[in-house]
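First up is the structure itself, then whatever we jot down about it.
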Protein chains: 2
Amino acid sequence: MTEKNKKTIYDIALRAGASPSTVSAALNGTWKKRRIAQATAERIIGIANDDGYSANLQARALRTSRSGLVALLMPEYNRFFSNIAQTFSREVRARNQCPIIISTERNPDEERATVADLTSWSIDALFFVGSVAPEELSLQCQAAEIPHVFVDQPCALAPSVITDNRNGARILTQEISRSMMRLAGGIGTGPRDTIYFLGGDRSLPSTRNRVAGFSDEMIAQFGRLDPGQVLATTYDMDVATQTISDLYERLGGLPRGLFINSDSVFEGALRFLATLPEDELNACAFGCFDYEPFGQLLRFPVHMIRQRHKMLVQRAFALLESNSPPVIEQVQPEIYRAGVMTGQATVVPIRPGAASSGEITNPV
Amino acid sequence: MTEKNKKTIYDIALRAGASPSTVSAALNGTWKKRRIAQATAERIIGIANDDGYSANLQARALRTSRSGLVALLMPEYNRFFSNIAQTFSREVRARNQCPIIISTERNPDEERATVADLTSWSIDALFFVGSVAPEELSLQCQAAEIPHVFVDQPCALAPSVITDNRNGARILTQEISRSMMRLAGGIGTGPRDTIYFLGGDRSLPSTRNRVAGFSDEMIAQFGRLDPGQVLATTYDMDVATQTISDLYERLGGLPRGLFINSDSVFEGALRFLATLPEDELNACAFGCFDYEPFGQLLRFPVHMIRQRHKMLVQRAFALLESNSPPVIEQVQPEIYRAGVMTGQATVVPIRPGAASSGEITNPV
DNA sequence: ATGGTGTGCAACATCGATTGTGCAAACTCC
DNA sequence: GGAGTTTGCACAATCGATGTTGCACACCAT
């Protein structure tokens, strides 16, 4: 019991009266190929089991230069990324490998350093989620010959899976404008009689695409879009609070519709909104491009777009495993359509291009 | 450029006209101890740099039997655990090691298997958060001589850091009962004129302690506690919805106070609460033993207890690094006291034993 | 008996870094 | 100038598992 720990194949070999190589073959399953008698293999496996042997994975990885580690780099542990991480973990473990999840805090240097680190661990594959500097990272991986894939933030040099932000934004905008109709029974032409886009970062493709989708639909519905309606200035919660507060001042009240880009912005905006009287809130149609369960339970209805994290991750694995060339695959999000009265949501998956028909259609 | 990759110290040695051992010493910083001339060391480091050398960590780990990996096992990626993970990551990287975060889905077998896996990776230390079967895991780690520590769920056999659930619950209960007074201007003696405890799992110490704290304060305030007031039946969201719905039926309305144990239960309860008219909600004082930012922004005030994840993790590191014997260290949570009118919260740290004074006191 | 074909396993080199040991050359000191 | 010390580095063993090679033996057919 209190003997020195850490059995090795040599210990087992000794106890089994066999050679280390035989033990190795027996234990790693290659014994059939290596023409070890079944009896021998079973005997060795038995001994290993009751000796509590477990292989030294460093040694194995050193020898085989495959570590069985698969890593995921993400910016932070928010709801969306955490969901991604969860799904990722499951998928990796289903493949009998070990998931490693690292947050790099949106710091490009941290990202580079982490990739370098992981390279030294002969990581088997690498997932980048919401990465800050995709191209550079891809080159780094290519140099180290590490298969990799990008999720949520596309990369020109590697397979990528992203949400169809443009279409999602279009549909969310459509839904917001419908609610506006219902709430107002018609729409005037004042500066408040339109939808404002709040939050995001225009240097990121996802924000750009959402703005594009927003714009598409605004032009389709209202015939025009004043650039001043797009306040894609920040993902920061506190700044968002300020932005909407300023907007409120400027307009002399809430606009009739708000397109809120991400849950952090949502939270920031809510800090301000919570101070407003009920009837003002109920005169505005809200949409959030992110899913936040509590959003369904506020004192006013909020439509929400939810990215399909499971699908995103699964497609990413598919691309990785099929050794895909650099392509960008788009996944349609779901919309949580808020009942205006109940605050209860109806979940509706979205088909590609569905918005263009002017209708949200359920898939068959 | 397109040559075979993966430089080794042998390659560098060749190019530097030195021996591999000299290169090794130069690169890993031990060159001073090994009496390598500074000039030589610098020359080698220079060459390594522009050759893009990076050490094979498997080889190093195999030789030194220290991997530089520190792992965290947690049940799932919810808000609390994700925060823990975030803090953990930072702390580990601050120590120049590599954080590994794995979720085991509340499955004891998964936990055991994962620990076994990590053992094989010669992990340097192991953090268990909210583990299901602490004692068994501790024994496993002891056998493998892996330093380890428990967070949030205590273990009798290893150092543990947990939130002072009992005191937190006491204070939350106190806060709820205060709100009740304010809302009702006095409290009757009907079955609804009291606080109900909703959610949790009595097989877990945390729930037991929270129930104990709840009970302490109820007896202090009301003189008695009917066991039927404690519905610590589940952490499951859907079950929680059902439980509160049943309670509502049974009592013919909401009780005057609700102690909600965890955010998942909160979310479940809200699904039901969202269907109630405003005045019923405003006649009930809510408290949640978990922090959920959106909770501050509902149409009724909710007091919340927030565990100090940063402190929990930091104390855990402290215990680990001081090679602590099995002790259980308690960390006081914070309370987010909801303004009854505004829904805005006041954050108040809690001192140990503060509740017993009948007052919540700020630390000095 | 002889050669040919399988079968079952052991020997040994190897992955890349670390580290104890040894040994020249340079440098002291009397 | 010879003994002793220091400086600077190379050699070689080692961590534990893998996989190629090769050898001994058994079995079969001619």
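Per chain, numbering begins at 1; letters A, B, ... match sequence-line order. All of these numbers come straight from a predicted model, not from anything done at the bench.
Contact annotation: side chain of Ser21(B) to base of dC11(D), donor-acceptor pair present below 3.5 Å.
Among pairs with a residue in residues 96-143 of chain B, those fulfilling ring pair (Phe, Tyr, Trp, His ring centres under 6.0 Å) read Phe88(B)-Phe127(B), Phe127(B)-Phe317(B), Phe128(B)-Phe150(B), at least two apart in sequence or across chains. Here salt bridge (charged side-chain N to carboxylate O under 4.0 Å, His left out) pairs that include residues 12-30 of chain A, with residues two or more places apart or in two chains, are Arg15(A)-Asp50(A), Arg15(A)-Asp51(A). Counting only residues at least two apart or in different chains, ring pair (Phe, Tyr, Trp, His ring centres under 6.0 Å) contacts with residues 41-64 of chain A are absent. Pairs of residues two or more places apart, or lying in two chains, that qualify as salt bridge (charged side-chain N to carboxylate O under 4.0 Å, His left out) and include a residue from residues 116-132 of chain A are Arg66(A)-Asp124(A).
Contact annotation: Ser19(A) does not reach the phosphate of dC9(C) (side-chain N/O to OP1 or OP2, under 4.0 Å).
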Distance-only criterion, 3.5 Å: show the donor-acceptor pairs between side-chain atoms of residues 39-49 of chain A and protein atoms not counting sequence neighbours.
from	atom 1	to	atom 2	distance (Å)
Glu42(A)	OE2	Gln38(A)	NE2	3.0
Arg43(A)	NH1	Ala16(A)	O	2.8

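Evaluation of the side-chain hydrogen bond (donor to acceptor under 3.5 Å, both in side chains) rule for Gln140(B) yields no partner, not counting sequence neighbours. Leu14(B) meets the side-chain contact (heavy atoms from CB on, under 4.5 Å) test with no other residue; sequence neighbours excluded. Every residue meeting the side-chain hydrogen bond (donor to acceptor under 3.5 Å, both in side chains) condition with Ser203(A), not counting sequence neighbours, appears here in chain and number order: Asp201(A). Considering only residues two or more places apart in sequence or on other chains, Ser65(A) meets the side-chain contact (heavy atoms from CB on, under 4.5 Å) condition with none of them.
Two end axes, each from the C1' atoms of five base pairs, can be drawn for the helix from dA1(C)-dT30(D) to dC30(C)-dG1(D); they diverge by 50°, to 10 degrees.
Residues of residues 27-37 of chain A that place a heavy atom closer than 4.0 Å to DNA chain C, in numerical order, are Arg34(A), Arg35(A), Ile36(A), Ala37(A).
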Please list each protein N or O that sits under 3.5 Å from an N or O in nucleotides 14-16 of chain C, with the distance.
from	atom 1	to	atom 2	distance (Å)
dT14(C)	O2	Arg63(A)	NE	3.4
dT14(C)	O2	Arg63(A)	NH1	2.7
dG16(C)	N2	Ala59(B)	O	3.3

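Comparing Arg43(B) and Pro20(A), the nucleotide of DNA chain D nearest to each residue sits closer to the 5' end for Arg43(B).
Judged purely by atom type and a 3.5 angstrom limit, Thr64(A) uses its side chain to pair as donor or acceptor with the backbone of Arg60(A).
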